[in-house]
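Heads up, the thing below is written out as C-alpha cells.
Excluded from the calculations below are hydrogen atoms, water molecules and symmetry mates; all remaining heavy atoms, backbone and side chain alike, are included.
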Amino acid sequence: MGSPHDLIPRRSLSPPHRALAGQTLTPLPLLRRSRCRLSSSDLVFVLRNTTPFSFAVSRRSSGDVLFDTSASDPSAFLVFKDQYLQLSSSLPPRRSSLYGIGEHTKPSLRLQPNQTLTLWNADIESLNLDVNLYGSHPFYMDVRSSAGGGGGGGGAGPGTTHGVLLLNSNGMDVVYTGDRITYKVIGGVLDLYFFPGRSPEAVMEQYTELIGRPTPMPYWSFGFHQCRYGYKNVADLEGVVAGYAKAHIPLEVMWTDIDYMDAYKDFTLDPINFPVEKMKEFVSSLHKNGQKYVLILDPGISVNETYGTYIRGMQADIFIKREGVPYLGVAWPGPVYFPDFLHPSSESYWGGEIKRFHDVLPFDGLWIDMNELSNFITSPPLPSTLDNPPYKINNSGVHLTINFNTTPATSYHFGNISDYNAHNLYGLLEARATNKALVNVTGKRPFILARSTFVSSGKHTAHWTGDNAATWNDLAYSIPAILNFGLFGIPMVGADICGFAHDTTEELCNRWIQLGAFYPFARDHSEKGTIRRELYLWESVATSARKVLGLRYRLLPYLYTLMYEANRKGMPIARPLFFSFPEDKMTYDIHSQFLIGKGVMVTPVLKSGAQTVDAYFPSGNWFDLFNYSNSVSTASGMNVMLDVPPDHPHLHVRGGNILAMQGEAMTTEAARKTPFELLVVVDGNGNSSGQVFLDDGEDVEMGGEGNKWTLVKFYCEKTGNDVTVRSEVVNGEFALMEKWVIDKVTILGLRKGTRMARLRGHELYDDVEAKSGQRTVKTVGKSSEGEEFVIVKVSGLSLLLGKEFKLKVKLSQS
C-alpha cells in the first residue's frame with residue numbers, strides 16, 4: 001500500500017489546462033533526454049537516460065532549476081527497493097530557503113542545514129527538540145532569493161516560491177544539507193508533486209487543491225478554551241468556570257481530559273467524581289451561558305467483557321489484528337484493542353459509539369489523542385523484515401525500533417494492509433471517521449482536535465502542538481510550530497498556553513497568554529501534578545488576559561474571515577512574514593513574529609525579564625492595535641526596539657488593510673450581538689481593502705449552497721481631498737436578517753494636516769441615510785520617520801452591514 005491515494009482527496013486528472021505540473025509527469029518514454037511541459041504551466045520536466053536515470057524540474061520563465069536528481073556521488077543516486085527508496089535533489093544553497101517537513105519542534109522556522117528530519121508518528125512529547133513527533137508531512141515550500149540558471153526571459157525576482165510533496169505514508173528520514181535534500185524511505189512508492197506557485201499563497205492554494213481544503217471551524221472555536229489533565233470532579237470544573245466569570249476573563253469552552261472517564265474507558269463517566277446527572281447539569285449550565293464543552297477520546301478500547309463499546313467492537317470485528325487475532329496493546333485503561341479505521345465497518349462502529357455517548361452527554365466537540373498510535377508496551381518482533389527493516393530510520397533521535405511503543409509493523413488492517421505501510425495514517429483516518437460521526441450526530445459543523453496528523457488531516461480536524469513544557473524556550477518554539485501547520489494545510493492550530501509539563505511561573509504565563517491569545521486555536525492546558533495555571537490565578541496574568549483576549553474577541557470577525565479564506569483557498573490563518581513580503585529577504589529567517597492574515601503582525605515577548613523586544617517591520621506604515629497613536633513607518637523594512645511593559649505585547653496592522661471588528665464580550669455569542677466597527681488603515685496612496693464573512697457559525701459548510709451567509713468586501717479610495725469608504729455585498733439577506741450594523745468607522749494612515757471639512761454620509765445605495773454622528777479628528781502620535789498621522793473617527797453611524805454603502809469623507813489640507 002505505501003501510497004495513500006484512496007484516502008487523500010486527490011483530484012482526478014483534470015484537462016491539461018488545469019492540471020498541476022506534478023500530475024502530468026507520467027509516463028514518459030525513456031529517450032536520451034525527454035522534455036515534458038504543459039502549455040499553461042511554468043514547470044518543465046526533463047528526464048535524463050543516465051545510469052541511474054535522473055530527472056529535473058525547472059521554470060520555463062526563468063530557467064531556475066527547482067529539483068534535480070542527477071548526482072556524481074553514489075550516495076545520492078536514485079534507489080528503488082522494496083524496503084528502501086532513496087531520492088535526492090541538489091539545491092542552490094545560497095538562494096533556497098526551505099520550510100516544512102514536519103512534525104518537529106525546532107527553534108527556527110526556516111530549515112537549517114545538516115540535519116536529518118525523521119517522519120514516523122510517535123507519542124514523543126513536543127518539548128523534545130529535533131525528533132519525530134506526532135505527525136508526518138513530507139511537504140516543503142522553497143522560497144528563492146533570486147532567479148538562477150540561464151534560460152527564458154522574465155527572470156524571477158526574490159520571493160519566487162514553489163512547493164514539493166512526496167506523497168508516501170511510510171517512515172522516512174529526510175536529510176537536508178543546504179545544498180541537497182535526500183529522502184530515505186522504508187517503503188511505498190515515489191509519488192512526487194511540484195507546485196509552481198509563484199507566491200507562497202499560490203503554493204498553498206495549489207497544495208490544498210490537491211490534498212483537500214481545510215475543514216471549516218465553528219465560530220465558537222475561536223473563543224478561549226480551558227483544559228487541564230487532573231481536574232478532580234464536577235465541582236472543580238464549576239469552580240473554574242466561576243473563576244473566569246468572576247475575573248471577567250472570556251471563557252468559551254471548558255474541556256476535560258481522561259479524568260472524566262470510568263477507569264479511563266472511552267464513552268463512560270466516572271460514577272463517583274463525574275456522575276452522569278451532575279455532568280448533564282454542568283453541560284446544560286455551560287450551554288445556558290453560551291459556553292461549550294469538549295472531551296477527550298483515546299483510540300484504545302478496554303478489553304472488558306462487560307463494556308458495551310468492547311462487545312460491539314468484537315461483534316463488528318473491527319480491531320487491528322496480528323497473526324489473525326486482535327492485537328493486544330496497553331493504554332490508560334490497561335489492556336486494549338485498537339479500532340481499525342481502514343475497516344469498512346469502522347465508521348459505523350465509531351459513529352455509533354459517539355452517538356450513544358452524545359445522547360447521554362451533549363458535548364460540543366471531540367479531542368482525539370494518543371492516535372499515533374500510542375501503546376504503553378513494545379511487542380517483540382516476529383521473524384519478518386517488516387518488524388525489523390534493513391534501513392533503520394532515526395526514530396526518537398536514537399534509531400529506536402519502529403515498533404517502539406506503538407502497534408507493531410506486522411499488525412494488519414482490513415484488506416491485508418500492514419501497519420508498516422499504514423502506521424502514519426492512523427490519526428488521519430480516525431479524524432476522518434470522527435468528523436463524519438459528529439456531522440451525523442449533531443448536524444452541525446464539527447470541532448475536532450487531533451494530535452496525530454498526516455497529509456490532508458486539515459480536511460477533517462484542528463491540531464495542537466502536543467505536550468510542550470512551561471519554559472521560555474517552549475514559548476518561543478510554539479511560533480515555528482504553528483506556522484508549519486499552516487503550511488501543512490491545518491490552519492486551526494495552537495500550543496498549550498502557559499505550558500503543559502512542569503510548573504509554570506507567573507511571568508511566563510503572563511507572556512504566554514499575550515502570545516497565545518493570537519494563536520488561531522487558543523487553549524490553556526496543563527499536566528496533572530503541576531501547579532494550576534488558569535488565567536485568573538495571578539492578578540498580573542488576569543490583567544493581561546482581559547486586555548489581549550479583549551482584543552482577540554474584537555478581532556473575531558477577522559479571524560473567522562481568515563477561516564473562510566482557509567476553507568476556500570487553503571490560506572493559513574497564522575502566517576510567516578514572508579507570505580506577505582516574499583521579496584523582502586529579511587523575512588526569511590524570522591520566527592519570533594508572525595502575521596495573522598496578510599496585515600496584522602504579532603510581536604510577542606519571548607524572554608524572561610524583557611523590557612524591550614526587537615521587532616522587524618517590513619515596508620509600510622504600521623499602527624499599534626492597542627493604541628492607534630503609535631505607529632512605525634518604513635520604506636524598505638527595518639528593525640525597531642519596542643518597549644514591552646508587563647501587560648503589553650505588540651500587535652500592528654499595516655496600511656492597506658480594512659479590519660471589520662466587533663465589541664468585547666465574555667462569549668463569542670455575546671460578541672456577535674455587538675455593532676461592527678470598521679478600522680480602515682490606508683496605505684501611502686490612501687487606499688485599502690478588506691472583507692468579512694458572516695454565517696451562523698455552525699452550518700456544516702462555509703459559504704455553501706443557499707444564502708445563509710453574507711460576504712462583504714470593503715474598499716477605501718482617496719481621490720484628491722475625498723476619502724471614500726464603500727462596500728460590495730454578496731448575499732446581503734443573511735446579514736440584514738441578523739440586523740448587523742456598522743456604528744463606527746475609524747480611518748488611520750492619513751497624513752497630519754488633514755481636517756474633515758464635512759462628512760457626506762448620504763451618498764448611499766438604495767437611498768439609505770447614514771447619520772454622520774459626532775465627527776472627531778484627533779491628531780496624535782509620531783511615527784519613527786517623524787511622519788505624523790491623524791486618526792479620523794466617524795461614530796454614531798448605523799450602516800446596515802448587509803446593504804452596500806458609500807461613505808465620503810471630505811478632507812481639507814490645512
Kindly say whether G458 contributes a backbone atom to a donor-acceptor pair with the side chain of R213 at under 3.5 angstrom?
no
One should read off an interatomic distance between T434 OG1 and I448 CD1, to the nearest 0.5 angstrom, of 5.5 Å
Atom CG in L549, atom CG in L251: separation rounded to 0.5 Å?
10.0 Å
Might you work through the salt bridge (Lys or Arg N to Asp or Glu O under 4.0 Å) test for R228 and E534, ending with a clear yes or no?
CA-CA 9 Å; R228 176 171 170 84; E534 289 79 11; 5.3 Å; no
For a 4.5 angstrom cut-off between non-hydrogen side-chain atoms, does L801 reach F676?
yes
Tell me if a side-chain donor or acceptor on T461 pairs with a main-chain N or O of S457 at a distance below 3.5 Å.
no
Whether the side chain of W709 engages the backbone of E705 through a donor-acceptor N/O pair (distance < 3.5 Å, no angle test) should be reported.
no
Looking at side-chain heavy atoms only, is the closest gap between P491 and P520 below 4.5 Å?
no
For E507, check salt bridge (Lys or Arg N to Asp or Glu O under 4.0 Å) against everything at least two apart and list the hits.
none
Show every salt bridge (Lys or Arg N to Asp or Glu O under 4.0 Å) that has at least one partner inside residues 647-671, sequence neighbours left out.
K547-D647, E669-K673
Report the residues that fulfil salt bridge (Lys or Arg N to Asp or Glu O under 4.0 Å) with E205, sequence neighbours left out, ordered by chain and then residue number.
none
Between D236 and R532, is there a side-chain N and carboxylate O pair less than 4.0 Å apart?
yes
Please check this pair: side chain of H650 against backbone of T603, looking for a donor-acceptor N/O pair closer than 3.5 Å.
no
What distance separates L577 CG from L595 CG, expressed to the nearest 0.5 Å?
4.5 Å
Hey, is the main chain of N687 close enough, under 3.5 Å, to the side chain of Y715 for a donor-acceptor pair?
no
Hey, does the side chain of S544 reach the backbone of V541 with a donor-acceptor pair shorter than 3.5 angstrom?
no
Can you check whether V681 reaches I658 side chain to side chain, under 4.5 Å on heavy atoms?
no
Name the residue from V240, D364, V294 that meets the side chain to side chain contact (heavy atoms under 4.5 Å, CB included) definition with M254.
V240
Rounded distance (nearest 0.5 Å) linking atom CG of N435 with atom CD1 of I368
9.0 Å
Exam field: side chain T710 to backbone A735, donor-acceptor pair closer than 3.5 Å
yes
Kindly indicate, with the supporting measurements, whether the criterion side-chain hydrogen bond (donor to acceptor under 3.5 Å, both in side chains) is fulfilled by S284 and K280.
CA-CA 6 Å; S284 170; K280 279 177 143 167; over 6 Å; no
Determine whether F224 and R552 make a side-chain contact, defined as any pair of heavy atoms from C-beta on separated by less than 4.5 Å.
no
Would you mind listing every side-chain hydrogen bond (donor to acceptor under 3.5 Å, both in side chains) that reaches into residues 555-565, with sequence neighbours excluded?
R445-Y560, Y560-D695, E565-Q691
I'd like to know if the side chain of S221 reaches the main chain of M217, judged simply by a donor and an acceptor atom lying under 3.5 Å from each other, with no hydrogens or angles considered.
no
Test side-chain hydrogen bond (donor to acceptor under 3.5 Å, both in side chains) applied to E717 and T724, step by step
CA-CA 5 Å; E717 286 117 10; T724 305; 5.7 Å; no
Drop me the distance from L625's CG to N630's CG, to the nearest 0.5 angstrom.
11.0 Å
Would you call the rings of F805 and F714 parallel, tilted or perpendicular, taking 30° and 60° as the class edges?
tilted
Just by modelled atom types, is the T667 backbone N or O under 3.5 Å from a matching donor or acceptor in the Q291 side chain?
no
Side-chain ion pair, D496 and R523, N-O less than 4.0 Å:
yes
Applying salt bridge (Lys or Arg N to Asp or Glu O under 4.0 Å) to E539 and not counting sequence neighbours gives R546
May I ask you to decide whether D699 forms a salt bridge with K708, counting only side-chain N to carboxylate O separations under 4.0 Å?
yes
Between the OG1 atom in T674 and the CD atom in Q662, the distance rounded to the nearest 0.5 Å is 4.5 Å
Any side-chain heavy atom of Y219 within less than 4.5 Å of one from E698?
no
Assess whether ring-ring contact (aromatic ring centres under 6.0 Å, His included) is satisfied between F789 and F623, documenting all intermediate values.
CA-CA 10 Å; F789 296 99; F623 295 86; 5.1 Å; yes
Judged by atom type as modelled, is there a donor-acceptor pair below 3.5 Å linking the side chain of N468 to the main-chain atoms of G499?
no
Going by side chain to side chain contact (heavy atoms under 4.5 Å, CB included), name the residues that satisfy it together with L606, two or more places apart in sequence or in a different chain.
L475, A476, I479, L515, S592, P604
Any residue meeting salt bridge (Lys or Arg N to Asp or Glu O under 4.0 Å) with K278, in chain and number order, not counting sequence neighbours:
none
Residues that C509 engages under disulfide (SG to SG under 2.5 Å), provided they are two or more places apart:
C498
Ring centers of F222, F521 separated by less than 6.0 Å
no
With sequence neighbours excluded, tell me which residues meet side chain to side chain contact (heavy atoms under 4.5 Å, CB included) with E201.
S199, M571, F579
Sorted by chain and number, sequence neighbours left out, ring-ring contact (aromatic ring centres under 6.0 Å, His included) with W367 holds for W255, W464, H525
Contact between V241 and L286 at the side-chain level, heavy atoms closer than 4.5 Å - yes or no?
yes
Could you go through Y231 and D257, starting from their C-alpha distance and side-chain angles, then the distance that decides it, and tell me whether this counts as side-chain contact (heavy atoms from CB on, under 4.5 Å)?
CA-CA 8 Å; Y231 282 137; D257 206 315; over 6 Å; no
Could you tell me which residues satisfy side chain to side chain contact (heavy atoms under 4.5 Å, CB included) with K598, sequence neighbours excluded, listed by chain and number?
R575, S580, N657
Quick one: which residue pairs count as a ring-ring contact (aromatic ring centres under 6.0 Å, His included) with a foot in residues 533-555, not counting sequence neighbours?
Y244-Y536
Does the side chain of N627 pick up a donor-acceptor pair with the side chain of S629 at under 3.5 Å?
yes
